[in-house]
Amino acid sequence: MRIVDGSFAAPIIALHGGAGGQDPKSPDAIASATMSLLAIAAAAKGLLAKNVSASEVLIHCLKAMEADPQFNAGLGSALQADGHVRMTAAVMSGSTQTFSGVIGATDMLHPSVLANHLQKSDSRVLSSPGVELLARQIGIPVASPITQSRLTQWVDKVKAASCDTVGCLILTTDGKLYAGTSTGGRGFETPGRVSDSATVAGTYASAFAAISATGVGEQIIDDAVAARLETRCRDGMNLGTAAHKTFAEAQARSRSYGWIAISKNGEWSAAHTTPAMSYVVQGAGEGEIASSKAKS
Ligand code: GLY
């Protein structure tokens, strides 16, 4: 359980690799996830310096995390109780305040690409069969996200909630905020159970703040975590105060979730009521980097 915050110069890139459930992740697992996030954040900083658009960098980061099987998103997603993977991803552009996402995506490695594609659609959150139809229409390759290790967990009927959702936030130098979240879900859940990530409780961005939540989706939805943090900032609270208030409420209700958040002013917050969460926050200034422990 931990809450950290600060303030960095833009552009800021914040990533999380999930807060897990109440079963503590080993220090080695957190260190390994953090190393991966540090490399992805460094690459993203380089892309922003080359004037690649923030929305492209957001998807670059989400794709990189979805491609890394240590995270529960894309390749290596957890299996639902019937042995199928159903992934959820969402993105939100703060300047247009446009949310889009996919729910229950199967047979692909990068649901975030579809979520991003829907930014310009008039139907912006799709489940089956719309997800599969769109994937074929725009040429997303058919691929299995199931890894041997996730299959073994499922065969062993590991019910422990894994919830290692990934998330990415960006604040650009001209003050625009972006948020994206991608997840394989809680693992071993009822087939068709929907994650919080493609709701405004799990992913939110506006002109005021961007937030990506991770952890037990039902609790994130019950507490409207991302929308609540954003509303507090919108109504004039600074992000640090908003985050500490939201964290105290989560603790009082014995919640198992976490978040990363950035405000329009460059304030950031990384918090988890679970034992551990891998995260990186990288600002533009010299030494402006905060992260979970990269070496155990
Ligand atoms: N936060 C991921 C999930 O509960 O599905």
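For this chain, numbers begin at 1 and follow the sequence in order. Counting convention: from 1, in listed order, for ligands and their atoms alike.
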Should S197 be counted as touching ligand 1, given the test is an N or O pair under 3.5 Å? no

Check H16 against M65 and note the closest heavy-atom contact, atom names and distance. O-SD, 3.7 Å

Taking only heavy atoms of G215, which atoms of ligand 1 are found under 4.0 Å from at least one of them? 1 (N), 2 (C), 3 (C), 4 (O)

Numbering the atoms of ligand 1 from 1, which are under 4.0 Å from a heavy atom of G185? 5 (O)

Ignoring hydrogens and geometry, is there a side-chain-to-backbone donor-acceptor pair from E267 to L239 under 3.5 Å? yes

Taking only heavy atoms of T165, which atoms of ligand 1 are found under 4.0 Å from at least one of them? 1 (N), 2 (C)

Any heavy atom of R193 sitting closer than 4.0 Å to ligand 1? yes

Does a salt bridge link K50 with E56, judged by any charged N lying under 4.0 Å from a carboxylate O? no

Spacing of F71 atom CZ and S36 atom OG [to the nearest 0.5 Å]: 4.0 Å

Here the gap from S206 atom OG to R234 atom CZ, rounded to the nearest 0.5 Å, amounts to 5.0 Å

Would you mind listing which atoms of ligand 1 come within a distance below 4.0 Å of any non-hydrogen atom of D196? 1 (N), 2 (C), 3 (C), 4 (O)

Using a 4.0 Å cutoff against the non-hydrogen atoms of R186, which atoms of ligand 1 qualify? 5 (O)

Any atoms of ligand 1 less than 4.0 Å from a non-hydrogen atom of T183? List them with their elements. 2 (C)

Out of L62, I262, T181, V225, which residue meets the side chain to side chain contact (heavy atoms under 4.5 Å, CB included) rule with S212? T181

Taking the side chain as every heavy atom from C-beta outward, state whether L229 and W259 have any pair of such atoms under 4.5 Å apart. yes

Would V216 count as being in polar contact with ligand 1, using the rule that some N or O on each side must be under 3.5 angstrom apart? no

